[in-house]
Each structure stands twice: as C-alpha cells, then as structure tokens.
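Written below as structure tokens is the structure these notes are about.
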Amino acid sequence: MPVTLNGRTPLVTVQVDGKPAVMVLETGAESTALTVSGAQRLGIVADPTRTSLSGGISGLTRVPTAAVGPIALGPLSLAESRRLVLALPTLEALRPTPGDGLLGIDLLSQADVDLDLPHGRMTLYPVGLCRAGLPNWKRPYAALPTWQATNLWLGTQVELDGRSFQALLDTGSAGTLIDKRATALLDLPEPPANIRRTQAHGIGDTPHDIYPYRFREMRIGPTRFPNPVLGVIDRPGYGFQAAPFLLGAQYTNTQHLWLSYAARRIFVERAAAPPSPNNPAPGKAATNSAAPGDAARSVAP
C-alpha cells in the first residue's frame, strides 16, 4: 500500500467507521488516536468529561476521548473503542491534506510490516504468515539487535561516538533525538547561549527546546553514518522514558525495514551505497562543514 511523505511525515489512508482518514504512520505511538480537527471532520464528538492520560515528548497530559468506530488498514483492523482526541497543531497544519490522527502500534503489531519509505510503500503480513518474522526479500539484509521494551515499542541498539544506547524506532519523529542521559554519558559540552534552537511540540502544552549537535559517527546495525547532526533535547519527556534515543525520520525514511512485533525482530536491507553524512537536524537542513570521515564533534551551526 502507498505511504506518502509530507516533508518527513509518513502518511497513510485508513478507514474510520467506513470513512477515509489520513493518519501519520507512527511507530512511536502505543495507541491509535485522532486529532481534534480529524475528529470534527469525521463527525466524531469528543467528550471532555471522559478523559485519559496521554504521554509524549512534552510529558503527560489529560486529554478527552471519543467513541470511534472500527479502524481498518488493509487486512488489519481495530474494533470500535474509545480513543484519545489530541491537539496536535503541527499535524493538523499539514498541507495540502491535514493529518486526521496517529496510526499506532496497537494496529501495526498485528502484522509483520515491510516498510520501504524511500520508495513510498508498505506491505502488511498478518502475524503467522511469515515464518519466524523473517523478511521475504531476495536482496541481502541484516538483523538489527533488539531489546525488550515494556510495551509494544520496538527498540534497537545505536552506537554513537563509540558508546552504545538503546533507541526506539519512531517514524513520526521528524528527526533523531537524544536526551540528557545520553549527552551526560557522551560528556558533551554545554551549548553556547546564542545557538539556534528549535522547539519540539507533541502531546501536551509544554514544548521542548532542541539544539543540533554534530557527532563523529553513528552506527546502526551494518550501516555507518559519518558526522551525523542529531537533535539534543534539553530534558526527557514521557516519550523518552523507555530509552534516551528516538530514532526518527533521518533513519526510518532512508532505510528499507522489516518490523516483526510478534517476533520482536527488526531487519534492514543492506544498502548498495553508503548513506550521506549530511543528516538534517530536526527542524532545519544540516550544513556539514566536516568532510566525510572527519573526526569533527561539535555544536552544529
């Protein structure tokens, strides 16, 4: 099925109670949810007296819920249920088509997911059709090391400047982010006061400041990324409780991945050519003055 990249945001069309809706493919969301404008467009009324806690990069917040009919994507479906209705201005402001919600791993975990965002496509294999969660690819591939998160999230190991970190795959994150736990282990210097910062807005009212930092090297499985520019977030929110590293669009939008939630395995197709060292920082294009393979390690301009 097709996946459309709006900027760095992967979008898929689902059916909500028989009506088409555009949702973000979000491996960092535990449950499928609607946006405020998406619920309105679909004729779904949120009940402010029936709320639930929801967590994201901005922390925990209480949000209204709504009775939502069945949600279907290809061979997968979620039964009628109460679902969160979230205020997500960045998603609702997407053009030409605003996002109606987040498609989470409560639905994706029903299948082995062949996710090929570089070519704008995804194939779903309901659990049990693929032996041991293995890809049916003909081209060479490698297994990524995985670790057991406390919920359905899939995590892998990332080596950054010689240190290993647990990371969550988060297709809905515009960039790859690390928090203060990782920066402390890496002994990063404090950023200068005049550094250009961006803000990460998620669920909740409190945005987080992010600044770009250029590292020497990042390794994920068989792939080496020289001089990556990653986003450093000033403090961890709920979305960082499981791991200090969110592996976002810089990685997920450039790799052919196989996600097996049932087998707790992740595979990546071996690249025919090395990746570009110029990985954009969240919210901005990277300007990389260091040559590939250079040992530069500094706050990015």
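Bear in mind the structure is a predicted one, so any value in this text is a computation, not a measurement.
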Taking atom [atom1] of [X] and atom [atom2] of [Y], what is their separation to the nearest 0.5 Å?
| X | Y | atom1 | atom2 | result |
| --- | --- | --- | --- | --- |
| Glu26 | Thr9 | CD | OG1 | 9.5 Å |
| Leu169 | Leu154 | CG | CG | 6.5 Å |
| Ile266 | Gln255 | CD1 | CD | 12.0 Å |
| Phe245 | Leu177 | CZ | CG | 9.0 Å |
| Leu246 | Leu230 | CG | CG | 11.5 Å |
| Ile105 | Glu30 | CD1 | CD | 6.0 Å |

Quick one: does [X]'s side chain get under 4.5 Å of [Y]'s, heavy atoms only?
| X | Y | result |
| --- | --- | --- |
| Pro145 | Thr156 | yes |
| Leu259 | Leu108 | no |
| Pro222 | Leu144 | yes |
| Ile44 | Asp17 | no |
| Gln166 | Gln157 | yes |
| Asp112 | Arg265 | no |
| Val127 | Tyr261 | no |
| Thr252 | Leu115 | no |

Contacts of [X] that satisfy side-chain hydrogen bond (donor to acceptor under 3.5 Å, both in side chains) - sequence neighbours left out:
| X | answer |
| --- | --- |
| Thr27 | Thr171 |
| Ser109 | none |
| Asp170 | none |
| Glu217 | Arg219, Arg224 |

May I ask you to decide if [Y]'s main-chain N or O and [X]'s side chain share a donor-acceptor pair within less than 3.5 Å?
| X | Y | result |
| --- | --- | --- |
| Trp153 | Gly28 | yes |
| Gln250 | Val229 | yes |
| Thr65 | Arg50 | yes |
| Arg8 | Ala174 | yes |
| Thr35 | Gly99 | yes |
| Thr176 | Gly248 | yes |

In terms of the angle between their ring planes, are [X] and [Y] parallel, tilted or perpendicular, with boundaries placed at 30° and 60°?
| X | Y | answer |
| --- | --- | --- |
| Phe215 | Tyr213 | tilted |
| Trp137 | Trp258 | perpendicular |
| Tyr251 | Phe225 | perpendicular |

Query raised in the report: Any salt bridge (charged side-chain N to carboxylate O under 4.0 Å, His left out) pairs touching residues 65-90, not counting sequence neighbours?
Result: Arg83-Asp106

Provide the closest heavy-atom pair for [X] versus [Y] in the form atom of the first, atom of the second, distance.
| X | Y | answer |
| --- | --- | --- |
| Ala21 | Asp100 | CA-OD2, 3.4 Å |
| Ala167 | Val158 | CB-CG2, 3.6 Å |
| Pro98 | Val22 | O-CB, 4.2 Å |
| Thr254 | Pro118 | C-CG, 3.5 Å |
| Leu168 | Ala243 | CG-CB, 4.1 Å |
| Leu124 | Met1 | CD1-CE, 3.7 Å |

Report summary line: Residues joined to Val85 in its hydrophobic cluster, side chain to side chain under 4.5 Å directly or through other members, sorted by chain and number, are Val36

Can you tell which of [options] makes a side chain to side chain contact (heavy atoms under 4.5 Å, CB included) with [X]?
| X | options | result |
| --- | --- | --- |
| Phe165 | Leu186, Leu247, Ile178 | Leu186 |
| Met122 | Asp116, Asp114, Val12 | Val12 |
| Leu73 | Leu25, Thr13, Thr32, Leu103 | Leu103 |

**Report entry** Single-linkage hydrophobic cluster, 4.5 Å side-chain cutoff, Leu5 and Val113 together
**Finding:** no

